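Here is the structure we will look at.
Below, chains carry the letters A, B, ... as their sequence lines are ordered, and counting in each starts from 1. Only a predicted model underlies this, so the values are computations on that prediction, with no experimental measurement involved.
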Number of protein chains: 2
Amino acid sequence: MVEKDIRRRTIHDVAQAAGVSISTASNALNGTGRTNAETRERVKRVAKEIGFRPNTLARGLLSKRSHAIGMLTNDTYGRLTLPMAAGVSEVLVDHGLSVFLCATNNDPRLARLHLEALLDRQVDGIIFTATRLDLKPPAELAKLAIPVVYAFAEGPPENISFFPDDAQGARLAVEHMKGLGRSRILHITGPEDYLAVRIRAKAYRESFGKDAEVLYGDWSEEWGHEAIDTVFSRPGEKPDAIFCGNDEIARGVIDALRDIDIAVPKDVAVVGFDNWEVISRQTRPPLTTVDMELKEIGRRAGLAILSLTKGETVPTGITRLSCRLVVRQSCGGQAG
Amino acid sequence: MVEKDIRRRTIHDVAQAAGVSISTASNALNGTGRTNAETRERVKRVAKEIGFRPNTLARGLLSKRSHAIGMLTNDTYGRLTLPMAAGVSEVLVDHGLSVFLCATNNDPRLARLHLEALLDRQVDGIIFTATRLDLKPPAELAKLAIPVVYAFAEGPPENISFFPDDAQGARLAVEHMKGLGRSRILHITGPEDYLAVRIRAKAYRESFGKDAEVLYGDWSEEWGHEAIDTVFSRPGEKPDAIFCGNDEIARGVIDALRDIDIAVPKDVAVVGFDNWEVISRQTRPPLTTVDMELKEIGRRAGLAILSLTKGETVPTGITRLSCRLVVRQSCGGQAG
DNA sequence: TCGTGATGATAAAAGGTTTTATCAGATTCC
DNA sequence: GGAATCTGATAAAACCTTTTATCATCACGA
């Protein structure tokens with residue numbers, strides 16, 4: 001660790017201390033060129049002793065690889081971005097790559113500014129992330145000379161992107177309820193113009209089959225309330241299970257059901273989507289929900305960038321990563 | 001913007017295109033040395049035409065300033081970190097500084113790894129952030145040769161840190177309720193071993209005076225429920241206002257009050273703390289709460305680092321930034 | 001006409017590392 | 001024994017900027 005007022009040690013210092021030339025020192029440390037085993041060991045030992053750590057700037061200048069990548073996000077709130085960023089940096093730190101985080105706040109000017117700064121820094125690649133799937137990434141991204149990976153965001157055709165497997169997640173939820181003997185499953189979800197909403201709804205229909213019914217609204221608890229009020233005040237058979245488009249809606253649903261004295265999970269089972277723990281842990285009863293494994297998405301995006309920067313080819317197209325069902329108590333069954 | 005397969009333009013290209021030497025080009029672009037006004041303009045024009053952007057690595061190598069800073073956080077969830085990071089980068093991007101985000105996940109090994117990577121990159125400064133105020137930052141930080149600023153985290157003595165003004169925030173809440181005619185205000189809050197909890201409780205006591213009562217618990221909704229059940233089932237006078245330690249507790253409180261048919265805000269006013277919008281916007285009625293202005297904290301931390309890297313001196317010690325009361329409907333009054 | 005100063009441009013060094021080409025010395029082969 | 005081969009090490013170039021020191025050129029005053 002570098003202490004106050006002590007100049008950083010350079011490879012020059014190592015060479016001098018080991019009584020060897022700069023190039024030999026470099027070769028010894030990196031295992032390149034031809035070096036005598038004995039000198040190699042000596043150089044390495046000396047380097048460790050005096051606490052030499054190579055200057056990444058100088059190294060990057062020559063190799064044209066900065067060993068850093070940029071992460072461009074429009075998420076101000078952090079619910080989606082930070083878990084992904086953690087996954088990205090977790091996977092990259094061991095390979096000596098660091099991550100620049102750039103919050104664009106949905107402002108194109110800011111996005112451009114950050115992008116230029118990243119390029120000036122010679123980043124090895126860029127990961128673009130959006131909170132709304134349908135927000136288009138800046139068009140410049142498609143033309144860059146460096147690899148770009150999209151996480152939770154749709155890139156231009158022929159690019160590499162990672163998404164949660166919304167369809168599989170939805171099936172997970174529906175199958176879980178069916179497995180617990182529920183036969184009248186309703187789907188209350190967000191706005192139909194979200195791609196993810198349409199995918200989940202389609203999977204729900206296919207998995208549940210007959211009598212499928214989807215209610216589109218917005219992402220709020222309020223909409224959950226409203227939907228329940230509507231459904232339970234109209235004539236006809238009532239659902240015995242509800243698959244919600246996200247945890248906020250699920251929370252509204254559970255609260256509304258309690259208000260009209262319908263027991264969860266006894267009378268109606270509820271499943272959410274997101275596993276946003278502030279919500280899903282705090283509903284009464286705690287919510288069984290689908291986790292999108294954001295950290296894993298980040299990890300995979302990081303690995304993809306890593307391969308690309310090494311010049312390896314990565315298959316293009318959308319990769320959808322499995323969701324996981326987190327069983328709590330809103331459906332009864334094993335954990336109920 | 002750099003297109004595929006096109007080598008980046010260097011200052012060498014600019015010099016050649018402008019028919020001038022490299023040093024003149026540099027001088028003209030940076031306004032250093034002596035240059036004829038006419039040549040200066042020409043060089044600048046040419047540079048813009050061919051899309052020259054200086055290589056930050058090369059620049060940093062010489063100046064020993066990388067124009068990048070590191071942000072070290074132990075927050076995996078992102079609720080606190082990302083707003084701060086957004087503030088930091090917002091303030092720095094205009095000065096050409098970028099931000100490395102390093103999530104340490106509370107793992108000392110990882111923290112060390114990231115720290116070393118940051119130093120190898122010659123970062124100009126480091127911002128350390130913690131979610132729990134009492135988590136100690138790595139000891140190595142205190143010995144670094146580069147400036148360190150603590151945001152939402154307590155550094156070693158004689159260092160620079162930024163916090164929300166918890167006392168002022170608490171007073172804001174209490175005074176608001178008093179101003180609306182409430183006279184029996186109760187404080188339901190988190191664990192007493194959090195410093196922020198003690199500060200807020202103290203300010204509440206001082207501001208409210210007589211009959212102050214603080215109930216310590218944890219940060220959950222459940223605790224809010226439990227506290228209400230206790231208070232309203234015991235004999236004696238009941239509160240007409242409740243100041244909660246965070247929004248989750250407030251939500252539990254509001255739900256519990258509804259369960260026992262006590263009207264909010266008519267019978268009891270409720271104020272939260274955090275302005276965590278997933279919660280505060282969704283309670284019924286929407287929650288009046290104290291916003292800690294995390295983005296502003298980030299901004300200030302960024303500015304402090306900026307000054308320090310320029311060699312300016314910044315007063316050491318803890319700076320507490322004002323909180324803001326967000327008035328919604330859980331207290332009645334103007335917005336009720 | 002010759003120094004003096006000012007002006008504007010340039011060559012060269014510096015920053016820390018990697019890499020290519022070169023070199024000296026030892027070893028092998030005919 | 002001399003040429004060829006191999007080994008281990010090194011000098012120097014390269015990456016791209018900024019900065020320092022140097023160098024022409026011209027105008028001016030003596």
Side-chain angles (χ1 to χ4, degrees), chain A residues 2 6-44 46-47 50-68 96 117 119-124 145, chain B residues 2 6-44 46-47 50-68 96 117 119-124 145:
Chain A
V2 179
I6 309 263
R7 209 184 89 269
R8 274 183 80 94
R9 301 308 188 155
T10 74
I11 199 169
H12 185 266
D13 299 321
V14 177
Q16 189 164 13
V20 88
S21 79
I22 294 191
S23 17
T24 307
S26 173
N27 281 331
L29 292 173
N30 302 315
T32 56
R34 289 182 302 220
T35 32
N36 185 323
E38 191 254 336
T39 11
R40 195 160 49 240
E41 285 319 306
R42 180 159 44 93
V43 169
K44 282 187 177 171
V46 168
I50 70 175
F52 166 72
R53 315 214 78 228
N55 180 326
T56 315
L57 261 45
R59 178 179 276 179
L61 180 56
L62 190 55
S63 66
K64 296 184 176 299
R65 295 201 41 204
S66 63
H67 293 270
L119 294 174
D120 294 350
R121 297 202 130 79
Q122 320 280 113
V123 289
D124 300 339
Chain B
V2 181
I6 308 264
R7 210 185 89 268
R8 273 184 81 94
R9 300 308 187 155
T10 75
I11 199 170
H12 185 266
D13 299 321
V14 177
Q16 188 164 14
V20 89
S21 80
I22 294 191
S23 16
T24 306
S26 174
N27 281 330
L29 290 172
N30 301 315
T32 56
R34 288 182 304 219
T35 31
N36 186 323
E38 191 253 338
T39 7
R40 195 160 49 239
E41 286 317 307
R42 179 159 44 93
V43 170
K44 282 186 177 170
V46 168
I50 69 175
F52 166 72
R53 315 214 79 229
N55 180 325
T56 315
L57 261 43
R59 179 179 275 179
L61 180 55
L62 191 54
S63 67
K64 295 185 176 299
R65 295 199 42 205
S66 63
H67 293 271
L119 294 174
D120 294 349
R121 299 201 127 79
Q122 320 280 111
V123 289
D124 300 338

OP1 or OP2 of C:dT19 under 4.0 Å from side-chain N/O of A:S26: no
Would you indicate what A:N30 reaches in the nucleic acid, counting non-hydrogen atoms under 4.0 angstrom: base, sugar-phosphate, or nothing? sugar-phosphate
By side chain to side chain donor-acceptor pair (under 3.5 Å), B:N36 pairs with (sequence neighbours left out) none
Would you find a donor on one side and an acceptor on the other, under 3.5 Å apart, between the side chain of A:D124 and the backbone of A:R65? no
Distance under 4.0 Å to a non-hydrogen atom of chain B counts as contact; along DNA chain D, which nucleotides mark the start and end? D:dC16 to D:dT19
Measure the shortest side-chain to side-chain distance between A:F52 and A:V46 over non-hydrogen atoms and say whether it is less than 4.5 angstrom. no
Got a sec, which residues hit side chain to side chain donor-acceptor pair (under 3.5 Å) with B:R40, two or more places apart in sequence or on another chain? B:T35
Non-neighbouring partners of A:R121 that pass side chain to side chain donor-acceptor pair (under 3.5 Å), sequence neighbours left out: B:S98
Within the 3.5 Å criterion, strictly below it, is a donor on A:T32 or A:N27 matched to an acceptor on the partner's side chain? yes
Whole angstrom value for the distance that separates C1' of C:dG16 from NE2 of A:H67: 14 Å
When you check every protein heavy atom under 4.0 Å of nucleotides 22-27 of chain C, what one-letter string (B, S, -) results, 5' to 3'? ------
For the residue pair B:I11 and B:P54, establish whether any side-chain heavy-atom pair is separated by less than 4.5 Å. no
Looking just at side-chain N and O atoms, do A:S23 and A:S26 make a donor-acceptor pair shorter than 3.5 Å? no
Interatomic distance, B:N27 CG vs C:dG8 P [rounded to whole Å]: 12 Å
A:T56 versus B:Q122: any side-chain heavy-atom pair under 4.5 Å? no
Across the strands shown, which category fits A:T10 at heavy-atom distances under 4.0 angstrom: base, sugar-phosphate, nothing? sugar-phosphate
Indicate yes or no: does B:R8 engage A:D120 in a salt bridge with an N to O separation below 4.0 Å. yes
Between C:dT19 (P) and A:I11 (CD1): distance, integer Å: 11 Å
Drop me the distance from B:L119's CG to A:R53's CZ, to the nearest 0.5 angstrom. 8.0 Å
Within residues 53-65 of chain A, the residues having a heavy atom closer than 4.0 Å to DNA chain D are A:L61, A:L62, A:K64
NA contact type, A:T35, heavy-atom cut-off 4.0 Å: base, sugar-phosphate, or nothing? sugar-phosphate
